[in-house]
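Written out below as structure tokens is the structure these notes cover.
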Amino acid sequence: MYKKITKNEKVTRKITEVHSADNYLTKETTENISLAINKLSGELDLVKTVNERVFYFISANVDFIIDSEKVHFENGDVLYLAKNTEYSAMGDFEAVVINSPAFGVIKE
């Protein structure tokens with residue numbers, strides 16, 4: 001099985017005034033994994049992952065606060081977050097974001 005998803009099929013979700021996600025691979029295709037291009041320009045409020053999450057920063061000049069530690073990311077960096085990790089961010093980025101299981105699917 002395969003599925004080609006074109007840029008015309010993406011679904012853009014405005015999360016906040018400064019944060020958006022172009023959703024390509026969603027739980028409607030498979031509950032195992034999702035893929036989106038997220039953009040931030042400003043401050044991301046505290047988030048707690050309910051699944052594993054990976055960011056690949058296409059472009060970035062952003063600081064994340066993860067478990068009270070400030071971590072800086074730039075173009076080409078990768079961030080892995082385990083399930084139940086809390087984080088916030090301040091700055092700018094465009095990143096490929098992968099969730100496992102897919103965003104919106106909670107598996108115990």
Side-chain angles (χ1 to χ4, degrees):
M1 182 233 162
Y2 80 93
K3 178 167 177 74
K4 176 183 177 182
I5 302 158
T6 68
K7 61 185 174 190
N8 297 328
E9 295 175 275
K10 72 180 180 192
V11 176
T12 300
R13 182 170 58 103
K14 188 174 181 177
I15 301 164
T16 68
E17 289 297 317
V18 298
H19 186 206
S20 66
D22 291 336
N23 296 287
Y24 287 85
L25 183 60
T26 66
K27 66 182 179 181
E28 283 71 31
T29 302
T30 175
E31 291 188 353
N32 297 321
I33 195 166
S34 62
L35 183 142
I37 306 296
N38 283 26
K39 297 174 186 149
L40 176 72
S41 182
E43 189 170 342
L44 177 68
D45 291 334
L46 188 66
V47 175
K48 182 176 183 178
T49 63
V50 294
N51 45 25
E52 292 181 283
R53 183 168 294 163
V54 176
F55 288 79
Y56 168 75
F57 294 100
I58 299 166
S59 63
N61 184 12
V62 63
D63 293 318
F64 275 65
I65 305 298
I66 307 164
D67 297 330
S68 301
E69 181 180 344
K70 184 177 178 181
V71 184
H72 184 74
F73 294 92
E74 296 178 348
N75 305 1
D77 290 344
V78 172
L79 168 60
Y80 165 76
L81 296 168
K83 181 179 178 180
N84 296 319
T85 301
E86 290 186 340
Y87 67 93
S88 60
M90 177 65 133
D92 299 298
F93 73 72
E94 180 176 16
V96 176
V97 179
I98 299 169
N99 288 282
S100 178
F103 183 82
V105 175
I106 299 172
K107 293 186 178 181
E108 298 301 320

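Everything numeric here is computed off the predicted structure, so don't read it as measured data.
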Min side-chain heavy-atom separation F93-E74 under 4.5 Å: no

Do the non-hydrogen side-chain atoms of E86 and L46 ever get within less than 4.5 Å of each other? yes

Return yes if some donor-acceptor pair links the side-chain N/O of T49 with the main-chain N/O of E52 below 3.5 Å, else return no. no

CD of E9 to NZ of K4, rounded to nearest 0.5 Å, is 8.5 Å

In terms of heavy-atom contacts, does CZ of F73 have more than 12 from other residues, nucleotides or ligands at under 6.0 Å? yes

K27 and G104: which non-hydrogen atoms are nearest, and at how many Å? NZ-O, 3.8 Å

If two hydrophobic side chains count as joined below 4.5 Å and joins carry through other members, does V71 share a cluster with V97? yes

Write down the atom of V18, the atom of E43, and the distance for their closest heavy-atom approach. CG2-O, 3.6 Å

Which atom of D92 lies closest to which atom of S41, heavy atoms considered: OD1-OG, 2.8 Å

What I'd like to find out is whether the side chain of L44 reaches to under 4.5 Å of the side chain of M90, using heavy atoms alone. no

Between the CG atom in N51 and the CG atom in L81, the distance rounded to the nearest 0.5 Å is 10.0 Å

Quick check for you: to the nearest 0.5 Å, what is the distance between S88 atom OG and K70 atom NZ? 11.0 Å

Result block: side-chain N/O donor-acceptor pairs under 3.5 angstrom for residues 60-68, not counting sequence neighbours:
residue	atom	partner	partner atom	Å
N61	OD1	H72	NE2	3.3
D63	OD1	H72	ND1	2.7

Can a side-chain donor-acceptor contact be found between N75 and S59 if the only test is distance below 3.5 angstrom? no

Test log, rule side-chain contact (heavy atoms from CB on, under 4.5 Å), inputs S34 and N99: CA-CA 5 Å; S34 62; N99 288 282; 3.3 Å; yes

Taking 4.0 angstrom as the limit, do D22 and K7 come out as a salt bridge? no

Is there a side-chain contact between K10 and N23 (heavy atoms, below 4.5 Å)? no

Quick one: salt bridge (charged side-chain N to carboxylate O under 4.0 Å, His left out) partners of E17, sequence neighbours excluded? K14

Assess whether side-chain contact (heavy atoms from CB on, under 4.5 Å) is satisfied between E69 and Y87, documenting all intermediate values. CA-CA 9 Å; E69 181 180 344; Y87 67 93; over 6 Å; no

Kindly compute the distance separating OG1 (T30) from NZ (K3), expressed to the nearest 0.5 Å. 12.0 Å

Value for CG (N84) from NZ (K48), rounded to nearest 0.5 Å, stands at 4.5 Å

Any heavy-atom pair between the side chains of K83 and V50 that's under 4.5 Å? no

ILVMFWY clustering at 4.5 Å (side-chain atoms), partners of V78: I5, Y24, L25, I33, L35, I37, V54, Y56, I58, Y80, V96, I98

